[in-house]
Peer 1: 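Below you'll find the structure I mean.
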Amino acid sequence: MTVENVIIIGSGPAGFTAGLYTSRAQLKPLLITGNEIGGQVALTYEIENYPGFPEGLPGPELVEKFQAQAERFGTRIEYDYVTEVDFQQHPFVVRTQSGQEYQAKSVIVSTGATPRKLQVPGEAELTGRGVSYCATCDGFFFRDKNVVVIGGGDSALEEGLFLTRFASKVTVIHRRDELRASKILQKRAFANEKMQFIWDSVVTGINAGDNDAVASVTLKNVKTEEEYEFPTEGVFIFIGHKPNGEIFEGQLAMKYGYVLTDRNMHTSVPGVFAAGEIQDNHFRQVATSVGQGTQAAMEAERFLAELEDKGYEKVKAELLDSEAVPA
Ligand code: NAP
């Protein structure tokens, strides 16, 4: 069996960037896409905050450009889904849904995260037409409009505060009467005149108006059971993210489902790197994922050069000794 130099798992901005860099380094990387090519970017209507595109561009178009650039230098793309990895042995083993088994000297994990869905009627149909999971991406389109934010954590308040720059009113809808978010964000949110709160309430439906865009949400007070319609043009859902990391449990050091890395994108296993939202629940931007993909690729390149010189056991011991690697 051929032993690959680098296998990249995932096809979001971090993965394609890692492909671009490792292919330009002549490492002939193999990128296994996963089920959603482009990840969250592919689901984003318009991206206006990725540098180099002053007019903005649709998310799927940016994904096509990322892929074309990675392929131009020799990244090989497999449209498959990784179901199992074994990082306890070297070369590492990667198995896929289609029954393929690969061996690799290094692996870059970039499987991303998926925003949690409310799973109420109207949510899927109106995504991109008033329903959003990213204020930084879509807030600009809601200038002088009334929007609602669902959730009571840090993301809900932080993104809600961001939305007050554009929207005329931001109403946070929370299922309890107490926020989970940090006190400092709560203080800022309560002090902001554009923010208001509806407590003890859940969204049971998202409703379209005449123009097939969001016109209201149906709310239910969980204490009184009262149900009513609340008019709004935007529904921003921040009820947590689910990192796509199940297959790495027991293989890599993880916390709350995220893969732990040091600042150079090393995981707890020397030779395995992680980049993008699978290891970053804080910034979650295309630009930061691209940066992390670059870092992971450059470190993989360095690792492979050392591997050639010294062999795995020596490089592994040196890396573990350096304390660079999270436990
Ligand atoms: P989170 O802390 O898990 O909060 C999710 C919120 O959504 C909770 O208030 C939860 O309600 C609510 N929720 C969950 N499922 C729901 C449902 N089906 N219907 C209605 N509401 C639902 O998620 P997050 O805010 O995305 O934060 C994730 C992590 O990133 C946290 O550790 C957070 O501290 C961190 N973070 C930090 C910053 C920062 O420091 N600036 C910014 C963003 C995120 P309950 O409270 O009732 O459970």
Peer 1: OG1 of T288 to CZ of R284: how many Å apart, nearest 0.5 Å?
Peer 2: 10.5 Å
Peer 1: Could you go through the side chain to side chain donor-acceptor pair (under 3.5 Å) check for Q103 and E4 one step at a time?
Peer 2: CA-CA 6 Å; Q103 290 192 350; E4 301 287 345; over 6 Å; no
Peer 1: Applying ring pair (Phe, Tyr, Trp, His ring centres under 6.0 Å), can you list everything that pairs with F236, at least two apart in sequence or on another chain?
Peer 2: F142
Peer 1: For T75 and S23, test the side chains for any donor-to-acceptor distance below 3.5 angstrom and give the result as yes or no.
Peer 2: yes
Peer 1: Is it the case that over 12 heavy atoms from other parts of the model lie below 6.0 angstrom from the CZ atom of F283?
Peer 2: no
Peer 1: Could you grab the distance from atom CD1 of I7 to atom CZ of R76, nearest 0.5 Å is fine?
Peer 2: 8.5 Å
Peer 1: Does V222 sit in a hydrophobic cluster with other residues, and if so which ones, taking ILVMFWY side chains as linked at heavy-atom separations under 4.5 Å, directly or through other members?
Peer 2: V202
Peer 1: Could you tell me whether R176 atom CZ has more than 12 heavy atoms of other residues or ligands within 6.0 Å of it?
Peer 2: yes
Peer 1: Tell me yes or no: between the side chains of T232 and N146, is some donor less than 3.5 Å from an acceptor?
Peer 2: no
Peer 1: Check whether more than 12 heavy atoms from other residues, nucleotides or ligands sit under 6.0 Å from atom CZ of R302, and answer yes or no.
Peer 2: no
Peer 1: Indicate if M265 and L319 have the same hydrophobic cluster label, given that clusters are the connected sets of ILVMFWY residues with side-chain heavy-atom separations under 4.5 angstrom.
Peer 2: no
Peer 1: Main chain of K145, side chain of S168: is a donor-acceptor contact present, judged purely on distance under 3.5 Å?
Peer 2: yes
Peer 1: For E246, what residues pass the salt bridge (Lys or Arg N to Asp or Glu O under 4.0 Å) criterion, not counting sequence neighbours?
Peer 2: K242
Peer 1: Using 0.5 Å steps for rounding, measure from the CD atom of E71 to the CG atom of L20.
Peer 2: 11.5 Å
Peer 1: For the side chain of S132 and the backbone of G128, is there at least one donor-acceptor N/O pair under 3.5 Å apart?
Peer 2: no
Peer 1: S289 versus V286: any side-chain heavy-atom pair under 4.5 Å?
Peer 2: no
Peer 1: Check whether NZ of the Lys or CZ of the Arg R24 lies under 6.0 Å from the centre of the six-membered ring of F73 and within 45 degrees of that ring's axis.
Peer 2: yes
Peer 1: Report all side-chain donor-acceptor pairs from residues 47-60 shorter than 3.5 Å, counting only partners two or more places apart or in another chain.
Peer 2:
none

Peer 1: Give me the other members of the hydrophobic cluster that Y228 sits in, counting Ile, Leu, Val, Met, Phe, Trp and Tyr linked by side-chain heavy atoms under 4.5 Å, directly or via other members.
Peer 2: L118, V120, L126, V131, Y133, V148, I150, I173, I198, V203, I206, V214, V217, L219, F230, V235, I237, I239
Peer 1: Check the hydrophobic clustering (I, L, V, M, F, W, Y; side-chain heavy atoms under 4.5 Å; chains of links allowed) and say if I9 and L31 are grouped together.
Peer 2: yes
Peer 1: Is it true that E227 and K220 have a side-chain N and a carboxylate O under 4.0 angstrom from each other?
Peer 2: no
Peer 1: Could you give all pairs that pass the salt bridge (charged side-chain N to carboxylate O under 4.0 Å, His left out) test and reach residues 192-208, with sequence neighbours left out?
Peer 2: D200-K223
Peer 1: Distance-only, no hydrogens or angles: does the Y312 side chain make a donor-acceptor pair with backbone N or O of P270 under 3.5 Å?
Peer 2: yes
Peer 1: Side chain of Q40, backbone of A113: donor and acceptor closer than 3.5 Å?
Peer 2: yes
Peer 1: When clusters are formed by joining ILVMFWY residues with side-chain heavy atoms under 4.5 Å apart, either directly or through shared neighbours, do Y102 and I77 land in the same one?
Peer 2: yes
Peer 1: Run the side chain to side chain donor-acceptor pair (under 3.5 Å) check on N244 and T111 step by step: do they pass?
Peer 2: CA-CA 6 Å; N244 302 319; T111 47; 5.6 Å; no
Peer 1: Taking the side chain from E299 and the backbone from G271, do they hold a donor-acceptor pair closer than 3.5 Å?
Peer 2: no
Peer 1: Answer yes if the side chains of T83 and Q97 hold a donor-acceptor pair under 3.5 Å, and no otherwise.
Peer 2: no
Peer 1: For this output row, return yes or no: ring centroids of H266 and F273 closer than 6.0 angstrom.
Peer 2: yes
Peer 1: Could you verify whether a donor N or O on one side chain and an acceptor N or O on the other, from S106 and N5, lie under 3.5 Å apart?
Peer 2: no
Peer 1: Under a single-linkage definition using a 4.5 Å side-chain heavy-atom cutoff for Ile, Leu, Val, Met, Phe, Trp and Tyr, are I278 and I247 assigned to the same hydrophobic cluster?
Peer 2: yes
Peer 1: Give a yes or no on whether the backbone of G151 and the side-chain of R175 come within a donor-acceptor separation of less than 3.5 Å.
Peer 2: no
Peer 1: Can you tell me if E308 has over 12 outside heavy atoms packed within less than 6.0 Å of its CD?
Peer 2: no
Peer 1: State whether the number of non-hydrogen atoms from other residues, nucleotides or ligands found under 6.0 Å of K117 atom NZ is greater than 12.
Peer 2: yes
Peer 1: Taking the side chain from Q186 and the backbone from A181, do they hold a donor-acceptor pair closer than 3.5 Å?
Peer 2: yes
Peer 1: I'd like to know if the side chain of Q251 reaches the main chain of F87, judged simply by a donor and an acceptor atom lying under 3.5 Å from each other, with no hydrogens or angles considered.
Peer 2: yes
Peer 1: Just by distance, do the side chain of S216 and the backbone of P231 share a donor-acceptor pair under 3.5 Å?
Peer 2: no
Peer 1: Are more than 12 heavy atoms from other residues, nucleotides or ligands located less than 6.0 Å from atom CZ of F197?
Peer 2: yes
Peer 1: To the nearest 0.5 angstrom, please state how far the CZ atom of R180 sits from the CG atom of L157.
Peer 2: 12.0 Å
Peer 1: Can L307 be reached from V6 by stepping across I, L, V, M, F, W or Y side chains whose heavy atoms are under 4.5 Å apart?
Peer 2: yes
Peer 1: Is the shortest distance from a Lys or Arg side-chain nitrogen in E318 or K314 to a carboxylate oxygen in the other one below 4.0 Å?
Peer 2: yes
Peer 1: Rounded at 0.5 Å granularity, tell me how far CD1 in I184 sits from CG in D154.
Peer 2: 10.5 Å
Peer 1: State whether a side-chain donor-acceptor pair under 3.5 Å links T261 with Q279.
Peer 2: yes
Peer 1: For the CZ atom of F66 and the CG atom of L62, what is their distance to the nearest 0.5 Å?
Peer 2: 4.0 Å
